[in-house]
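Below: one structure, written as structure tokens.
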Amino acid sequence: MKTENDSRQTILEGIGASPGICIGKAYLVDKEGVDVIKKYYISDDQLDNEKNRFKSAVKKAKDELHQIIEDIPDDLRENADILETHVVLLKDKMLYGRAIKTIEQDRVNAEWALKKVVAGLKKKFNRLPDPFFRERVADIAHVSDRILRSLAGVDKVKIKDIDKRVILVAEDLSPAETSQIQLEKIKGIVTDAGGVASHTGIIARTLEIPALLGLENATSVIQGDDLIIVDGTEGKLILSPTEQTLLEYEERIHEYEIQKAFLNRESHVSAKTKDGVVIKVMGNIELPEEVVSVKTYGGDGIGLYRTEFQYLARNNFPSEFELFDKYRDVVEVMAPQPVTIRTLDINGDKAVSYTTSHDETNPALGLRAIRYCLKKPDIFKTQLKAILRAAAFGNVRILFPMISCYDEVIEAKRMLDVAAQALEDEDRPYRRDIEIGIMMEVPSAVIIADILAKEVDFFSIGTNDLIQYSLAIDRVNRQVAHLYNPLHPSIIRMVKRVSDVAKENNIKVFMCGEMAAHPIHVPILLGLSIDELSMNPQSIPAVKSMIRSLDTKSSASFIDEVMEQKTSEDVMELTQRKYAKILAENVYFH
Ligand code: PEP
Ligand code: MG
């Protein structure tokens, strides 16, 4: 936090989870009533009573959730799934069952038992490296918060009852709360907790309202009715802005709206460079429902479908039919455009409550993604069958994550044959002649790219992990976030190697990591001849617009200069200098 020249104006920095700017009064969503949990012991004859008190609190919480689900407006219907998940979680063995057991065994009050169970679960989930799984801690916290509230008889502020235009400021917002947001009332969202992958971020992006998450101390610094500016694009909050700052941001809102409207209008046309090369700009999705955003923002297909989201917050593995049903929906909506379905990328079975658990000291380097799938052939085969069946309904590509050696590719392809044979035996319609690709996100795969290229139809560069594994920077550790840089000369060299090898072997090369989502990286990616870029849907219009302002020949010669730079700062400076005018026209929207 830093204070500018005016003594009251304060700038807070957080994670910009949904772009855009809003100015308004803060509305603090209070959490009173459940913060202080007292422990007390219960006697044997109070035991049944205490268990029943817990059970009725769960029931009340469940009824409330059902009511919220019923009241969800149509345009947010897709988020009902998250709340259904919470209903399931209320009765989940790991939460409900363990809490009852703790009341029995420790002879403690229901609140304390629940607190103990939740603390244990949080610890376990927080050890997982993938931000998605760690975000699931938030689901557990929301559900337990709701039960605690009904145990204490406290009612939380109902967001749907807010009757003025405000910016919500909260420690955290549950999906139940976020889904009550009415666009005509809520201008923006600010939370202490959360990150880009949280449900709050996902919903804010769907609603297209600015969101700034992970501020850590917003609820203690900001008071109700304080005037604030939320800049979800730059990840900044300005508390008590000066007159001059206000004017400046009003102007920026105006420019932002004009540019957004302009880019969106253009976005449905394909992105062709000045010298006529068409670059496909695709969307990344986590949930099948997000396919709508890809369409809205003019995506040329799905470059990355992260399928792991369908395996979470449930009590068992999804069946082949459940998976097939969701994949088919996405494939049919996008047809004839391609849908790149990435096979399960979870970090070992710990992430999924219904499998056996093995603790890993270093989960990012553990039994993740393809390693997990090859160890669990039945789970893998079920997913592969579902993908091959969905492939009969449109244009499907399959993508294997976290490949680090040759054998994994061979084994994954063999499993695909096994799945196809099973479908053949069952006499089910399917399609086997789909393109097969691998994620290039582990440095060893980049080094042996020439060996791997002979086995696949395309490479997809996952810069999120490639940076993590190459620069030795935990992608979810805020302490080292400043070192996490896609323009590091080593990363540019690796992307170049993957692309060069792909061209030599006549296969395609895509990028689906976050690096692809930033207009400033586009001249470099064009220069490195990446065939397709895939990103969060909202970034598609700006990236397409950037592509239209460039030409491949000058980008190619620009790369020669880029390759001479010694640091990421040098690369950034060079890019900014060389493309100053074009960037000024394009980066604003992102
Ligand atoms: C990546 O690693 O760049 C990637 C796209 O995959 P994920 O973010 O799902 O790990
Ligand atoms: Mg990855």
Side-chain angles (χ1 to χ4, degrees), residues 15 17 128-136 195-198 201-202 205 281-287 290 294 299 301-312 339-348 351 363-373 383 397-404 408 412 437-446 449 458-477 481 484-488 490-492 494-495 498-499 509-518 521 525 528 530 532-537 539-540 543:
I15 299 162
L128 302 175
D130 193 317
F132 175 78
F133 297 113
R134 301 199 297 119
E135 298 292 355
R136 301 295 69 77
V196 188
S198 68
I202 294 171
R205 287 196 291 277
V281 183
M282 325 267 281
N284 291 353
I285 62 167
E286 280 85 40
L287 298 168
E290 286 171 293
V294 178
I302 308 284
L304 173 63
Y305 178 0
R306 294 180 164 105
T307 57
E308 45 277 9
F309 284 59
Q310 254 164 279
Y311 288 72
L312 294 151
V339 176
T340 316
I341 306 183
R342 184 176 73 182
T343 59
L344 193 54
D345 181 359
I346 55 172
N347 170 51
L365 307 178
L367 193 65
R368 182 185 162 183
I370 196 73
R371 303 171 179 183
Y372 174 86
C373 288
Q383 184 180 33
R397 302 161 172 168
I398 194 165
L399 178 59
F400 297 118
M402 218 196 163
I403 294 292
S404 64
E408 284 166 347
I438 51 174
M439 291 286 293
M440 296 301 264
E441 53 185 348
V442 179
S444 62
V446 174
F458 66 93
F459 288 149
S460 188
I461 306 174
T463 47
N464 307 342
D465 278 311
L466 189 59
I467 296 169
Q468 155 162 280
Y469 294 129
S470 310
L471 305 188
I473 295 161
D474 180 349
R475 65 191 260 193
V476 295
N477 182 342
Y484 192 92
N485 198 329
L487 297 182
H488 191 292
S490 68
I491 300 299
I492 296 177
M494 283 196 249
V495 174
V498 174
S499 178
V509 58
F510 312 144
M511 178 175 285
C512 62
E514 270 298 297
M515 183 179 186
H518 298 265
H521 299 151
L525 301 179
L528 293 174
I530 306 296
E532 275 180 27
L533 303 175
S534 191
M535 61 209 62
N536 68 76
S539 298
I540 293 170
V543 169

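Just so you know, ligand 1 is whichever comes first in the structure, and atom 1 is the first atom listed for that ligand. Note that the coordinates shown come from a computational prediction; the quantities given were computed from them, not determined experimentally.
- Between the OE1 atom of Glu441 and the OD2 atom of Asp465, the angle taken at the Mg ion (ligand 2) works out to 90° after rounding to 10°.
- Below 3.5 Å of separation, one finds an N or O of Arg342 facing an N or O of ligand 1.
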task = Could you go through the ring pair (Phe, Tyr, Trp, His ring centres under 6.0 Å) check for Phe458 and Phe510 one step at a time?
result = CA-CA 7 Å; Phe458 66 93; Phe510 312 144; 5.0 Å; yes

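- A donor-acceptor pair is defined here as one N or O able to donate and one able to accept, closer than 3.5 Å; such a pair exists between the side chain of Tyr469 and the backbone of Ala364.
- Side-chain atoms of Ser404 never come within 3.5 Å of backbone atoms of Ser444 as a donor-acceptor pair (strictly under, hydrogens ignored).
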ask   = Could you walk me through whether Asn536 and Glu514 pass the side chain to side chain contact (heavy atoms under 4.5 Å, CB included) check?
value = CA-CA 8 Å; Asn536 68 76; Glu514 270 298 297; 3.9 Å; yes

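- Stacking of Arg342 on the aromatic ring of Tyr305 is not recorded, the 6.0 Å distance cut-off and the 45° axial limit not both being met.
- Close approach to Leu304 involves these atoms of ligand 1, each under 4.0 Å from a residue heavy atom: 5 (C).
- Contact annotation: the side chain of Glu290 never approaches that of Pro537 to less than 4.5 Å [non-hydrogen atoms, C-beta and beyond].
- If you number the atoms of ligand 1 from 1 as listed, the ones under 4.0 Å from a heavy atom of Gly513 come out as 3 (O), 5 (C).
- Residue Gln468 places no heavy atom under 4.0 Å from ligand 1.
- Contact annotation: for Arg306 versus ligand 1, heavy atoms closer than 4.0 Å belong to the side chain alone.
- Of the N or O atoms in Asp465, one or more lie within a sub-3.5 Å distance of an N or O in ligand 1.
- Without hydrogens or angle criteria, Arg368 side chain to Asp345 main chain gives no donor-acceptor distance under 3.5 Å.
- At least one heavy atom of Arg368 sits closer than 4.0 Å to an atom of ligand 1.
- Taking a cut-off of under 4.0 Å to the non-hydrogen atoms of Cys512, the atoms of ligand 1 that pass are 5 (C).
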